[in-house]
Every structure is written in C-alpha cells, then in structure tokens.
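All remarks here apply to the structure that follows.
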Amino acid sequence: MTKEEIENGTADMEIDQREPLNGERSELNAVPDDFNANYLKVYYGKLFPHADIFKWMSYGNDGKHPGCDESYFGRREFSFTLDNDIYLRFQSFNSASKLENSIKEKCPFKVDIGPVYSVDPAKRHAYAQSGNNVFTPVEKELVFDIDMTDYDDVRYCCSGADVCLKCWTLMTIAIKVIDPALRDDFGFNHILWVYSGRRGVHCWVCDAKARRLTNEQRSSIAEYFRVYKGNENSQKKVSLISSALHPFLLRSYKVLEEFFEGNLLSNQSLFSTEERYEKILEMIPDESITSELRGKWQDNKKSSISKENINVDRWKHVKKILKSGKQKPQGLGKCVEEIVFSFSYPRLDMEVSKHMNHLLKAPFCIHPKTGRVCVPIDPNRCEEFDPTAVPTLSKLLEEINMGGLGTDDDAEWDRTSLGKSIRFFRSSFLQPLLKSCKEEIENSYNAKLQHSKTSLTW
C-alpha cells in the first residue's frame with residue numbers, strides 16, 4: 001500500500017511486505033502527516049473498534065438473554081459528519097455489522113452518539129404522521145465536555161485551539177476534581193474519560209441510573225459542579241460566600257492548590273507582568289491591600305529575583321497579607337481560595353450535561369484538524385497523559401505498513417500504538433460495565449418471573 005495509493009483512494013488494504021533496515025524509516029511505509037479522507041478508509045477498515053462500540057452501546061442487550069431488549073441498540077441515534085460538513089443525523093442500526101458497514105461505506109470525519117429514543121430514530125417521520133407523538137429520548141449517558149478555549153483568560157502559553165503540556169494541566173485538574181466526585185458523591189462506577197482529539201476532554205457516565213436521569217436531574221448534577229460563574233467582563237468569577245467550604249469544594253481545593261502552586265504559577269507566569277498581576281489584584285476587594293502589594297511589586301522591578309521565582313514569591317505575598325491576623329473587610333476571608341478556584345477549577349459546558357438529546361463525539365474517532373485519535377484517558381494516571389503523544393492517523397498507517405500481513409484481522413490494532421488504548425478501554429471500562437449490565441438484566445428478568453409466578457398463585 002503505497003503513499004500514492006492511499007492519497008488517491010485506490011489502496012486495496014494490502015500491506016507492503018518490505019522490511020526496513022535497522023533505523024530506516026522506509027519511504028514505502030511513510031505516510032504524509034496531512035489529514036486525508038482516504039486514510040480513514042484504512043483506519044475504519046482495520047483499526048476502529050466497531051465491535052467494542054456496539055457492545056458498549058448495547059449495554060448487554062445483545063439478544064443472548066431472554067431478558068434482553070432486542071430493540072435497544074436499534075433505537076440509538078448515531079450522527080455522521082462527512083466531508084464538506086455534510087451532516088447526517090438520526091442514523092440507526094439494528095446490528096453490529098450494519099453499524100460497521102455504514103461507517104466503512106460513508107467514512108465519516110466524525111461519529112457522534114446521541115440518545116436512545118422511544119422508537120427507531122430513522123423511522124421518526126412515520127410515527128409523526130401516525131399522529132402518535134411517541135418520538136422522545138428515553139436514555140442517554142450523563143456527559144461532560146471541558147474545552148481548553150474556555151480557559152483562555154487564565155492561560156498565557158496558548159490560546160484558541162492551541163494546546164501544550166503547560167496548559168494541559170488544566171484538563172488534568174478537571175479530571176482529578178470531577179471523577180472522584182462522580183464516584184464518591186453520586187455513587188457512579190462506570191465512567192469513561194476521552195481525549196477530544198484537540199483541545200479538551202469528554203466524560204461519559206454510563207451507569208444505568210445515570211443513563212435514565214431526567215433533564216432536570218442532569219441539570220442538578222451539573223449545577224453541583226458549577227463554581228466558575230464568570231465571564232470575560234466580570235472581575236470576580238468565583239464567589240465562595242459561606243464561611244466554611246462545602247466538603248466537595250474542600251476536597252477540590254486540595255487538588256487545585258497543589259497544581260496551582262506547583263505548576264500553574266510558574267508555567268503560566270501568573271505574576272510576571274503588571275498586566276497579569278493586576279488581573280489578580282482586581283479580585284481582592286480591599287484597596288489598601290491591593291495598593292500595598294502593587295507598591296511592593298513595582299518597587300521590586302529591579303530586583304534580582306529570577307523570573308521563575310517571582311511568581312511564587314508574589315503569590316506568597318498575597319497569601320501572607322490575606323491570611324494574616326489583621327482585621328479583614330467583609331468578603332476577604334475566602335479571597336485566596338477564590339483566586340485559586342478562578343484560575344484552575346473545571347469550566348464545564350453546562351448545556352452539554354443538562355440535556356438528554358445532546359450528541360457527543362464517539363471515542364476512537366480521528367480529529368480532522370489534528371489527525372489524533374480520541375483515545376480514552378485513565379483517570380488514575382491522568383497526570384501522565386500527553387495529548388501531543390497521542391496516536392495519529394498517519395502514524396497508525398505507517399505502523400500498519402511496517403507490521404506486514406497479520407494472521408488475525410481482529411488484532412490488527414494490537415500491532416499499532418492504538419493497542420494500548422483499546423486494551424485499556426476493554427479491561428478498565430467495557431468489561432466491568434457489561435458485567436454489571438448483564439447482572440441487572442438477569443435480576444430484572446428473575447424479578448419478573450417471580451412476579452409472574454406470584455400472580456399465577458393468586
């Protein structure tokens with residue numbers, strides 16, 4: 001499969017047999033870095049985990065148990081975004097093979113997953129014409145979407161769609177704050193974190209009780225996490241009114257403080273210029289304190305303190321004067337915490353979480369702007385995740401070429417850098433989820449049988 005065949009879409013998916021010499025990057029194996037729609041044909045044909053997506057979205061309703069709902073998967077909405085922004089909504093499939101064949105045939109740039117509806121979404125118009133208004137979402141994972149662009153007012157290394165390891169810390173913080181709260185405060189167990197492919201993370205909460213939440217209940221959970229309430233025009237974006245922090249906020253603050261002081265202060269150079277430290281001083285509601293700090297820092301402009309240390313030292317000045325034993329005006333008591341929350345607390349897209357009918361990009365899609373795979377993130381090791389090291393479409397195609405012909409098509413991905421991500425998806429998320437789902441189906445089926453026996457006895 002040569003470079004030209006891939007670019008022209010004429011590749012028949014045969015793998016080049018030539019072995020490169022030690023240290024040689026074979027030109028026959030090399031694939032251009034630019035995103036090419038024809039690369040997707042190979043990716044969807046050989047690497048995309050179609051069967052795993054089907055198993056996940058079926059939640060045990062695979063027809064192998066008499067208690068299964070065999071219509072379940074067929075009522076799930078999929079959406080395909082094709083080349084030239086052609087958008088196909090309300091796609092539905094009643095089997096794994098039909099989903100796989102459609103993806104391979106249409107080769108979508110993006111696959112979005114929507115809710116499970118009361119009826120087959122592809123037949124919604126027929127139901128509407130019958131006069132029965134029965135087309136409504138009945139299940140959807142509780143999802144969260146966190147985008148780096150929402151942090152542009154507090155990150156100075158990048159802006160817009162650009163992301164680097166310095167600002168990716170903000171995504172790490174978000175996972176470390178939200179994941180334990182979902183598990184400990186709400187009792188959810190089956191949670192999947194996924195890299196968006198470019199500048200953010202997605203969270204899928206897949207427990208049965210999460211999928212069946214109403215919009216009102218979803219809104220309540222989203223509001224529970226809502227601390228950052230500012231906009232670009234407001235000076236104070238976080239207001240911690242109570243004298244004592246809520247237990248969730250107290251736990252969160254321990255995470256925020258660690259990363260704020262150990263990482264963000266220096267990496268984002270939050271106090272390095274007058275423009276930047278003025279943004280922080282504006283959050284202190286006491287003019288005498290801000291004047292004192294401003295005067296001290298302006299007098300020290302010619303100080304020998306290194307740029308690396310100036311951020312840490314100035315933050316110490318702020319903490320010392322705000323936490324001192326001197327009398328504090330109203331609203332000053334939680335000022336240190338409010339500054340830390342403002343610069344580091346997760347900023348959620350609230351509307352994504354509140355509504356059941358919101359679609360979200362499927363894991364293992366390829367982002368067309370970066371060519372990166374939307375791989376799962378291990379929340380227990382999220383500080384090790386490097387978005388710049390994620391497998392790319394061109395890299396995966398090179399690895400396929402270098403790997404030669406395999407004996408097991410199902411394990412093609414296992415010979416690429418995508419293998420680690422798929423194995424993690426299966427072992428840490430999919431297998432425990434399906435075990436739980438099948439237990440629920442079994443228990444529900446037995447309960448119905450028991451109820452039926454009891455009714456017959458009467």
Side-chain angles (χ1 to χ4, degrees), residues 140-148 150-151 154 168-196 200-230 237-264 334 336-356 358 360 363 376-385 428-429 432-433 436:
K140 172 68 194 299
E141 296 76 12
L142 174 64
V143 295
F144 298 92
D145 182 6
I146 308 169
D147 195 303
M148 190 71 79
D150 292 326
Y151 294 83
V154 295
W168 188 257
T169 298
L170 294 163
M171 295 295 107
T172 300
I173 293 171
I175 296 174
K176 283 186 169 291
V177 166
I178 295 173
D179 188 80
L182 288 170
R183 299 178 192 275
D184 299 337
D185 298 354
F186 293 97
F188 297 128
N189 295 305
H190 305 291
I191 301 169
L192 177 67
W193 288 93
V194 182
Y195 171 48
S196 70
V201 294
H202 298 156
C203 176
W204 300 75
V205 186
C206 301
D207 299 61
K209 62 181 180 180
R211 304 197 307 271
R212 295 162 189 163
L213 291 169
T214 65
N215 285 342
E216 292 74 20
Q217 291 169 329
R218 292 165 193 268
S219 295
S220 296
I221 293 176
E223 287 294 335
Y224 180 83
F225 290 108
R226 190 178 180 217
V227 173
Y228 178 85
K229 301 178 181 180
K237 298 178 175 63
V238 173
S239 182
L240 304 175
I241 301 173
S242 176
S243 58
L245 288 178
H246 184 281
F248 162 64
L249 296 181
L250 188 60
R251 294 197 314 268
S252 299
Y253 183 69
K254 292 178 181 178
V255 175
L256 303 181
E257 184 181 38
E258 176 187 350
F259 281 92
F260 180 84
E261 295 185 346
N263 185 296
L264 296 177
K334 291 284 182 244
V336 170
E337 288 87 347
E338 287 175 349
I339 292 171
V340 173
F341 270 91
S342 295
F343 278 81
S344 56
Y345 186 80
R347 303 182 179 186
L348 305 178
D349 186 334
M350 297 293 286
E351 296 307 309
V352 171
S353 303
K354 288 181 176 182
H355 302 293
M356 192 184 298
H358 198 287
L360 194 64
I377 300 173
D378 184 351
N380 297 317
R381 303 176 62 181
C382 57
E383 66 277 3
E384 301 174 14
F385 182 79
S428 297
F429 170 72
L433 172 65
S436 174

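Across all non-hydrogen atoms, the minimal contact from L192 to P363 is CD2-CG, 3.9 Å. Between I173 and S344, the shortest heavy-atom contact is CG2-O, 3.4 Å. Nearest heavy atom pair, residue K354 against residue R218, reads O-CB, 3.7 Å. Of all heavy-atom pairs spanning R347 and S342, the tightest one is NH2-O, 2.6 Å. Closest approach of A222 and S353 over heavy atoms only: CB-CB, 4.0 Å. Taking every heavy atom of both residues into account, K209 and L213 meet most closely at O-CG, 3.3 Å.
Looking at R212 and Q217, their side chains never come closer than 4.5 Å, going by heavy atoms from C-beta outward. The shortest side-chain heavy-atom distance between S428 and D378 does not fall under the 4.5 Å cut-off. Side-chain contact check for F248 versus R251: some heavy-atom pair is nearer than 4.5 Å. Between E337 and V340, every side-chain heavy-atom pair lies at or beyond the 4.5 Å cut-off. Side-chain contact between W193 and I178 is present, with at least one heavy-atom pair separated by less than 4.5 Å. C203 has its side chain within reach of L182: a pair of non-hydrogen atoms, C-beta onward, lies under 4.5 Å apart. Contact annotation: the side chain of Y253 never approaches that of F260 to less than 4.5 Å [non-hydrogen atoms, C-beta and beyond]. Residues V205 and F144 form a side-chain contact, since some pair of their non-hydrogen atoms from C-beta on lies under 4.5 Å apart.
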Could you give me the CA-CA distance, side-chain angles and deciding distance for F385 and I175, then say whether side-chain contact (heavy atoms from CB on, under 4.5 Å) is met? CA-CA 11 Å; F385 182 79; I175 296 174; over 6 Å; no

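Considering CG of L348 and CD1 of I146, their distance stands at 5.0 Å, rounded to 0.5 Å. Rounding to the nearest 0.5 Å places CG of D145 at 8.5 Å from CG of D150. The distance from atom CD of E383 to atom CG of N263, rounded to the nearest 0.5 Å, is 11.5 Å. Rounding to the nearest 0.5 Å gives a distance of 9.5 Å between SG of C206 and CG of L142. Within the model, atoms CD1 of I191 and CZ of R183 stand 4.0 Å from one another, a figure rounded to the nearest 0.5 Å. Atom CG of L256 and atom CZ of F341 lie 5.0 Å apart (nearest 0.5 Å).
With hydrogens and angles ignored, the 3.5 Å screen pairs a side-chain donor or acceptor of S220 with a backbone N or O of E216. Looking only at distances, a side-chain donor or acceptor of D207 sits under 3.5 Å from a matching main-chain atom of N189.
Ring pair F188/F186 is parallel by interplanar angle, where below 30° counts as parallel and above 60° as perpendicular.
Here the rule is ring pair (Phe, Tyr, Trp, His ring centres under 6.0 Å) with W168, and of F259, Y195, Y151 only Y195 fits it.
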